[in-house]
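Letters go in sequence order (proteins before strands), and every chain restarts at 1.
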Amino acid sequence: MDESVTAAPAPRQDTAAAEGPRYDFRSAEPKWQREWDARGCFRVADVPTDGKPKYYVLEMFPYPSGKIHMGHVRNYTLGDVVARYKRARGHAVLHPMGWDAFGLPAENAARERKVHPAKWTYENIANMRAELKRMGLSLDWEREFATCQPEYYRHQQKLFLDFLQAGLVERKESWVNWDPVDGTVLANEQVIDGRGWRSGALVEKKQLSQWFLSITKYAPELLSALDGMDRWPERVRLMQANWIGRSEGARLRFALTAPEAGLDQVEVYTTRPDTLYGMSFLAIAPEHPLAAAVAARDPKAAEFVAECRRMGTSEAAIETAEKFGYDTGLRVAHPFIEGATYPVWIANFVLMEYGTGAIFGCPAHDQRDLDFARKYGLSVTPVVLPPGADAASFTIGREAYVGPGTAFNSGFLDGLDVDAAKRAAIEALEARGVGEGVVNWRLRDWGVSRQRYWGCPIPVIHCESCGVVPVPDDQLPVTLPEDVTFDRPGNPLDHHPTWKHVACPSCGKPARRETDTFDTFVDSSWYFARYCSPKADVPMVRAAVDHWMPVDQYIGGIEHAILHLLYSRFFTRAMKDTGHVSVEEPFAGLFTQGMVTHESYRTAAGPNGTWLYPEEVEKRADGSAVQRGSGDPVIVGRVEAMSKSKRNTIDPGAIIAKYGADTARWFILSDNPPERDMEWTEAGVAGAYRFTQRVFRMAEALQSTPAGPPPGMFGPAARTLRGITHKTVAAVTEALEGFAFNVAVARLYELANAIGEAEKAAGESAGAEAQAGLTWARHEAITMLARLVAPMMPHLAEEMHARLRPEQGMVADLPWPEPDPALLVADSVTIAVQVMGKLRGTVTVPPDSPADAVIAAAEAEPNVAKALEGKRIVKRVHVPNRIVNFVVAG
RNA sequence: GCCCGCCUGGCGGAAUGGUAGACGCAGCGGACUUAAAAUCCGCAGCCGUGAGGCGUGGGGGUUCGAGUCCCCCGGCGGGCACCA
């Protein structure tokens, strides 16, 4: 999904392993990967019959840019922890992987390197697949597909045709955002600050005939359903709600005092019908039909409209945001005030795409209208009186008043508050038949046409006699021609000598194929459903999607908070309405991970220096950094998102080769909460690596210990360790359930530390029976550690477990451990004792001791007694097993 | 401009309203070693010799008790952005 390409030179190969009984990840990781694969551990059926509860874990599939990057490693590690954990909890887990394989980089590669997009893409996929496999992910690889395969996109064409038939597709002549560098149309969402999201080129406005998916038909439910999506991050729901942008207001028609080219009225949309009496002008968008009509006879108007088009979304317009207008000389009548008329302006700040492309200007209560009115000397009449303000003296200066208040200077609305005035105004408009209350949406239909080769062909044929004719089912898929050239700008499909010439399926006459291809967001709007039955000869097998959908846990970057997720939600509804699925929402749970960041480095030479890769930098003991080899000073820059341009990238392949997949996974999980940005540091990885070695040594030390039934007697050390072991099971379980992977890691470090303590105690404890008990407890602890660590470091877990409990088989097949409830209860509890809320000491008592006993012990504690000396205790607060607080006087 | 989120040691962070700083990283001291690496043991919020005091961006409030709840302010980050 992410088209950025990460490339860094491979770092030098350090040998991290030294002497000693070490965990050899280099042999262990491939071994267990082969073992899981051979046993088909992670394969599930399209329609399972085993009766297990289903769980569908999905990470956003990658764009095959060539290499995996750290963002992928984080994403797929998070998903794998969930998948392995849920599997151990008895779920049948669907955990698939595939490729978001259409898109511009392949065409760019074709242009720059003369390699065919398909070849480039499939080679990248092969490379990235191998990299992912080295991570040891619990994926069902038999479900893999790439969206550029005709076996995939033929079903996308079928879905489109079904949507077309269901009235969910429209062909519209529309103003589009044209990217002159990429030579293609961009969705509004793909225009960032007036520039193409990929090329960075200034976007122009152009009128084209385009295919649109009618996402706006679903706007109300796409909005209302957000309320129930309690396993989505609040801020993503909010971003989507803002994007859909529901507003309530009125649509009303202003009569022109004299008709213009047959037009006798102008329709506007407003959220403030209560301010109609404050009107001072009417403004229309430069693209408005009335503007075109005026321009046809008025050269100055034509020039102004042309000027607006040039400025359009240009940088100058965006940055200065200055308002320009042209007075057409036309006038409109006020709907309420007999005889009053107002000028009609063409204004650059009125958007044709929103509402009706026309507004009425009320400068006193809208900042934009005020700016415009001040610039052109138009009247400013306040009609909403702020609470407490004086009607006689209230005036508007440079700031419009947009707050609450009561209507004044407003005829029949006078005295009403803003909400009541809105209702009254709408009633009056409706009574006169010139307007009505409406709900308006910011969301616009989804333009999916792209003038590109490397995408899914839109399966329609244009016939001069029959118009637009859908490609018949039996002629699907419409496949891309392979013999294309990229030596000139524009769409290679359009340049192809023969491809577009076909017979009309309806009348048989020569006709022309649609040469546009789909926006690649279409490909990713249903792939999650295809995974349920990836080999089927229909888009999806109903029984399979009904079983697996919705995705229980979807994981990916926040950058897809709006586009991909909203399109997928729309697509799922459209698929439901065309009989493909039963669900409305594709993703029951969503988790958005943070970015992976790293320090950046620059040479000190020159004005800005040269960016250096981390491998080229050597850190000195004094904290300074120098260039490896030359010893030249290096400027350590800020920690920021890994990017090729800043060269602060770390190649996952190199990390896995040096430390192993488990270490990389462990570090990425341990550093911080997964929703935040994490900083990749060499020291952090090294620490994670040390842990793998340490716990492996512990397992080796206890591997010859027979794992029989518990011995009859446990000494204090053994009892302590067992308590920690079982509390860790409970704590890690809770942490994993809550996506608190860094906390799970911390609890496992604690368990490892406790085993270390027990090891020391083993040398000291007296009595053979106590020794045996402690050894048994240590064996239990390290075995539990292996099993608890398994979702995060699966290879190490298997390697340890194979030594500790070989008779039990693989960890991957074992259920998740359950703590012994009896061991979760402590022998004693330490209770904090406060005097006036300040900690003065602690007392250790049996759990659930009666209040008076605890309070007595607390008062007796020497330091507490000292603090209470000479004071009168007015209140004794006792919270069982937690705290005692004395409130004193005097 | 509007909306949202965040702010805890040197750093990443932990903490159902109940012993703030778990755990890790970095650091310091020690053991082992001819030496280093690795490993192991120990110390470690700040001020103070100590008793003790101060501490979760700042200020106020609720509470026996606030990192946690409420109000105000500040800073940082993100989303939307001429949406009428």
Side-chain angles (χ1 to χ4, degrees), chain A residues 16-20 22 193 233-243 245-247 249 268-272 275 283 317-318 321-323 347-351 353-362 365-369 371-372 399 402 440-444 558 561-562 623 639 666-667 670-673 675-679 681-688 690-691 693-694 697 731 735 740 742-753 756 759-760 830-842 863 866 874-888:
Chain A
E19 84 292 340
R22 292 293 181 91
D193 289 341
E234 181 60 38
R235 66 176 176 144
V236 174
R237 291 189 284 164
L238 196 77
M239 282 160 70
Q240 294 214 346
N242 287 340
W243 191 264
R246 181 183 193 274
S247 72
V268 309
Y269 171 74
T270 180
T271 57
R272 295 298 300 273
T275 63
I318 299 263
E322 191 169 352
K323 290 169 180 52
N348 66 338
F349 69 95
V350 179
L351 304 174
E353 310 86 66
Y354 184 78
T356 62
I359 61 157
F360 83 84
C362 174
H365 305 292
D366 184 288
Q367 191 61 46
R368 294 157 303 182
D369 297 348
D371 294 344
F372 191 76
E399 302 226 334
V402 296
N440 197 47
W441 304 85
R442 183 184 174 277
L443 184 70
R444 279 161 237 162
I558 186 75
I562 297 172
V639 173
W666 186 250
F667 171 55
S670 68
D671 189 60
N672 67 352
E675 67 275 13
R676 298 194 204 167
D677 289 352
M678 74 163 290
E679 186 187 351
T681 61
E682 187 74 10
V685 193
R690 281 199 297 275
F691 181 73
Q693 295 300 334
R694 186 172 150 221
R697 278 197 302 273
N742 57 323
V743 180
V745 166
R747 296 287 95 87
L748 288 165
Y749 269 108
E750 284 171 343
L751 180 57
N753 291 345
E759 221 168 291
K760 274 186 275 174
T830 301
I831 291 178
V833 183
Q834 299 179 338
V835 177
M836 294 300 279
K838 281 193 192 300
L839 183 73
R840 295 299 169 190
T842 61
N863 208 40
K866 205 174 113 191
V874 296
K875 189 172 178 183
R876 295 170 175 83
V877 180
H878 172 243
V879 180
N881 300 326
R882 288 217 171 263
I883 207 162
V884 170
N885 189 14
F886 295 106
V887 184
V888 297

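- One finds the CZ atom of Phe691(A) at 6.0 Å from the CG atom of Leu748(A) (value rounded to the nearest 0.5 Å).
- The same atom, P, is picked in G60(B) and in G10(B); the two are 24 Å apart, to the nearest Å.
- Base contact: Val350(A) has a heavy atom under 4.0 Å from a base atom.
- Here the P atom of nucleotide C11(B) and the CD atom of Glu682(A) are 22 Å apart, to the nearest Å.
- Note on ring orientation: taking the six-membered ring where Trp is involved, the planes of Tyr269(A) and Tyr354(A) are perpendicular (angle over 60°, cut-offs 30° and 60°).
- With distances taken from any side-chain atom of Lys866(A) to the nucleotides C64(B), C25(B), G52(B), the minimum falls on G52(B).
- Using a 4.0 Å heavy-atom criterion, one finds that Thr830(A) contacts the bases of the nucleic acid, with or without backbone contacts as well.
- Using a 4.0 Å cut-off, some side-chain N or O of Arg840(A) falls inside it from OP1 or OP2 of G53(B).
- Of the side-chain N and O atoms in Arg747(A), none sit less than 4.0 angstrom from OP1 or OP2 of A14(B).
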Pair up each side-chain donor or acceptor in residues 830-840 of chain A with any protein partner under 3.5 Å, not counting sequence neighbours, and list the distances.
{"residue": "Thr830(A)", "atom": "OG1", "partner": "Thr844(A)", "partner atom": "OG1", "Å": "3.4"}

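- If you take atom P in C7(B) and the same atom in A84(B), they sit 33 Å apart, rounded to whole Å.
- Across U63(B) and G17(B), the matching C1' atoms stand 9 Å from one another, rounded to whole Å.
- Looking at Asn672(A), its side chain never comes within 3.5 Å of a backbone N or O of Asn742(A) through a donor-acceptor pair.
- What separates CE of Met239(A) from P of G78(B) is a distance of 12 Å, to the nearest Å.
- Side-chain atoms of Thr271(A) lie closest to A84(B) of the nucleotides C64(B), A84(B), C40(B).
- Dashed line: the shortest gap from a side-chain N or O of Lys760(A) to OP1 or OP2 of G42(B) is under 4.0 Å.
- Once rounded to the nearest 0.5 Å, the distance linking CG of Asp671(A) with OG1 of Thr681(A) reads 6.5 Å.
- Of the side-chain N and O atoms in Arg676(A), none sit less than 4.0 angstrom from OP1 or OP2 of C6(B).
- A close approach under 4.0 Å does not occur between any side-chain nitrogen or oxygen of Asn672(A) and OP1 or OP2 of A14(B).
- With Phe372(A) as the aromatic partner, Lys323(A) does not meet the cation-pi criteria of under 6.0 angstrom to the ring centre and within 45 degrees of the ring axis.
- Glycosidic torsion of G61(B) falls outside 90° of 0, placing the base in anti.
- Among the heavy atoms of the strands lying under 4.0 Å from Val887(A) are primed sugar atoms or P, OP1, OP2 only; no base atom is included.
- Taking atom P on both G59(B) and G67(B), the two are 13 Å apart, rounded to the nearest angstrom.
- With C80(B), A84(B), G18(B) as the candidates, the nucleotide lying closest to the side chain of Tyr354(A) is A84(B).
- Residue contacts for Glu750(A): at a heavy-atom cut-off of 4.0 Å it reaches the sugar-phosphate backbone alone, with no base atom in range.
- Between the OG1 atom of Thr275(A) and the NE2 atom of His365(A) there is a distance of 7.0 Å, given to the nearest 0.5 Å.
- Panel note: side chain Asp369(A), backbone Cys362(A); a donor-acceptor pair is recorded below 3.5 Å.
- Nearest-nucleotide positions on RNA chain B for Asp677(A) and Ile831(A) put Asp677(A) closer to the 5' end.
- A close approach under 4.0 Å does not occur between any side-chain nitrogen or oxygen of Lys838(A) and OP1 or OP2 of A20(B).
- In this structure, CD1 on Ile558(A) lies 3.5 Å from CZ on Arg235(A), to the nearest 0.5 angstrom.
- Computed from coordinates, the Leu238(A) CG to C80(B) C1' distance equals 10 Å when rounded to whole Å.
- Between Arg442(A) atom CZ and A84(B) atom C1' the separation is 13 Å, expressed in whole Å.
- Asp371(A) comes within 4.0 angstrom of no nucleic acid atom, judged by non-hydrogen atoms across all strands.
- Closest to the side chain of Tyr749(A), out of U19(B), C23(B), C40(B), is C23(B).
- Using P as the reference atom, U8(B) and A81(B) are 31 Å apart when rounded to the nearest Å.
- Between C4(B) and Asn242(A), no contact under 4.0 Å exists linking OP1 or OP2 to a side-chain N or O.
- G21(B) and A36(B) have their P atoms separated by 35 Å, given to the nearest Å.
- Distance CG/Asn885(A) to NE2/His878(A): 12.0 Å, rounded to 0.5 Å.
- Rounded to whole Å, the distance from NE2 on His365(A) to P on C82(B) is 23 Å.
- Taking atom CD1 of residue Ile883(A) and atom P of nucleotide A66(B), one finds them 10 Å apart after rounding to whole Å.
- Paired runs in RNA chain B that reach 3 or more consecutive Watson-Crick or G-U pairs, where each pair keeps both distances under 3.5 Å, cover B:1-7 with B:74-80, B:10-12 with B:23-25, B:27-31 with B:39-43, B:45-47 with B:52-54, B:57-61 with B:69-73.
- For Met836(A) and G53(B), the CE to P distance is 13 Å, given to the nearest whole Å.
- Distance noted for atom C1' between U68(B) and A20(B): 11 Å (whole Å).
- In this entry the distance linking CE of Met678(A) with P of G12(B) reads 13 Å, nearest Å.
- Residue contacts shown for Thr842(A) include a base, since a base heavy atom lies under 4.0 Å away.
- G27(B) and C76(B) have their P atoms separated by 31 Å, with the value rounded to a whole Å.
- Note on Gly687(A): only backbone sugar-phosphate atoms sit closer than 4.0 angstrom, heavy atoms only; bases stay farther off.
- In the set G12(B), A84(B), C80(B), C80(B) carries the atom at the smallest distance from any side-chain atom of Trp243(A).
- Closest-nucleotide positions on RNA chain B for Ala358(A) and Asn885(A) were compared, and the one nearer the 5' end corresponds to Asn885(A).
- Contact detail for Ile562(A) and Gln240(A): the closest heavy-atom pair is O-NE2, 3.8 Å.
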